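Following: one structure in structure tokens, then a few remarks.
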Amino acid sequence: MIYNFSAGPAVLPKQVLQQAADEMLDWHGSGMSVMEMSHRGREFTSIIDTARDDLRTLLNIPENYRILFMQGGALAENALIPMNLAARRTGGDLSRATVDYVNTGSWSTKSIKEAQRYCKVNVAASSESQKFAEVPPRASWRLSPDAAYVHVCTNETIDGVEYQFVPEVAAETGGAPLVADMSSHILSRVIDVSRYGVIYGGAQKNIGPAGLTIVIVREDLLGHAAACCPTAFNWKIVADNDSMYNTPPTYAIYIAGLVFKWIKAQGGVAALEQRNIEKAKLLYDYLDSSDFYDTRIAVASRSRMNVPFFLRDEANNAAFLAGAAEAGLLQLKGHKSVGGMRASIYNAMPLEGVQALIAYMKAFASNH
Ligand SMILES: *Cc1c(COP(=O)(O)O)cnc(C)c1O
């Protein structure tokens, strides 16, 4: 049995891959692979419409939010967010606009750097001096009264830090919307979409193949793009064209649609959240009980999706990884900026995978 702990692109449900294989040459008797279909044809239109409707149902997305299927990943959105949203309160002038960011790790650091190219960035809070071991408590944030939006990364994939609360930001900012990078935990837990203005993420962690970017945006936040925003990345234009202004990543949307069906069959997001809680608890409980391994994230900010951990004696790292691969436990090496190990336990990782990892960790500890 193989268990793949990759942080992304990451494990997909076996049933989804099997169905995609079965339908590879001939989708539903159409005589075509999904890859070969016109994006404007009847067949693909039904695929994208069903995917959109299923995502809306799964996340209980209110009617006044639009779902956009885009490209470029979360990093492209890091530029497209200021371009689409920052000039909202400065009459289209991007360079005078102020935006607020909370720095909780590698990905928010990247978001901040990108936004700085376009507008004035206020870092409202940062846990950098604590080596990103926690989400800064909301009471410590210093928001701007004229912020066009407040940006957060609600799950830091590299650092292993996850928001376990939804920050209220509107009161101090005169109604600024909350913008959240949810790349690595979207669909892993129930969220109240109405608390956010924009939710975005690359698909390749918890949804499907790389190449698809999901943007969920409240309707009143469309139509504020600065003049420099590329037409194909202008959210209003993408929304007005139902994500078909230009050719969308059709095959990736098809696979995402199969994953949405799979989540529904599992009992929906609430059912997966319960499993994710159970999986994460199992692993953290073992790490906390062990003298051999160590995890450094504050308990209240621990990610249920990405669990970085360390061997107390780092001289054992190479042997740990080699033995893990032999046992069928793949891609456990930590990100180079953090070191150590990282187990990504997304929706598609079964409980048995976490149990197998812990069994291996116990055996390795007793042998060393
Ligand atoms: C992976 C990841 C990104 C980068 O996404 P790309 O699709 O590679 O642009 C950004 N933010 C978070 C939280 C991620 O996990």
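Only a predicted model underlies this, so the values are computations on that prediction, with no experimental measurement involved. Remember, it's 1-based here, ligands and their atoms both numbered in the order they're listed. Atoms considered below: every heavy atom in the structure, side chains included; atoms not considered: hydrogens, waters and symmetry mates.
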- Task: Establish, yes or no, whether a centroid distance under 6.0 Å links the rings of F44 and H39.
- Result: no
- Message: Any salt bridge linking D288 with R302? Criterion: basic side-chain nitrogen under 4.0 Å from a carboxylate oxygen.
- Response: yes
- From F5 CZ over to L332 CG, what is the distance, rounded to the nearest 0.5 angstrom? 5.5 Å
What are the atom names and distances for all N or O pairs under 3.5 Å between ligand 1 and the protein?
| unit_1 | atom_1 | unit_2 | atom_2 | d |
| --- | --- | --- | --- | --- |
| ligand 1 | 7 (O) | A74 | N | 3.4 |
| ligand 1 | 7 (O) | Q204 | NE2 | 2.8 |
| ligand 1 | 9 (O) | A74 | N | 3.1 |
| ligand 1 | 9 (O) | L75 | N | 2.9 |
| ligand 1 | 11 (N) | D181 | OD2 | 2.7 |
| ligand 1 | 15 (O) | T157 | OG1 | 2.4 |
| ligand 1 | 15 (O) | K205 | NZ | 2.6 |

- Go through the steps to decide whether D146 and R88 satisfy the test salt bridge (Lys or Arg N to Asp or Glu O under 4.0 Å), and finish with yes or no. CA-CA 10 Å; D146 58 345; R88 207 169 59 86; over 6 Å; no
- Item | Pair R56 + D53: basic N to acidic O under 4.0 Å | no
- Message: Salt bridge check, R342 against D159: does any charged N sit closer than 4.0 Å to a carboxylate O?
- Response: no
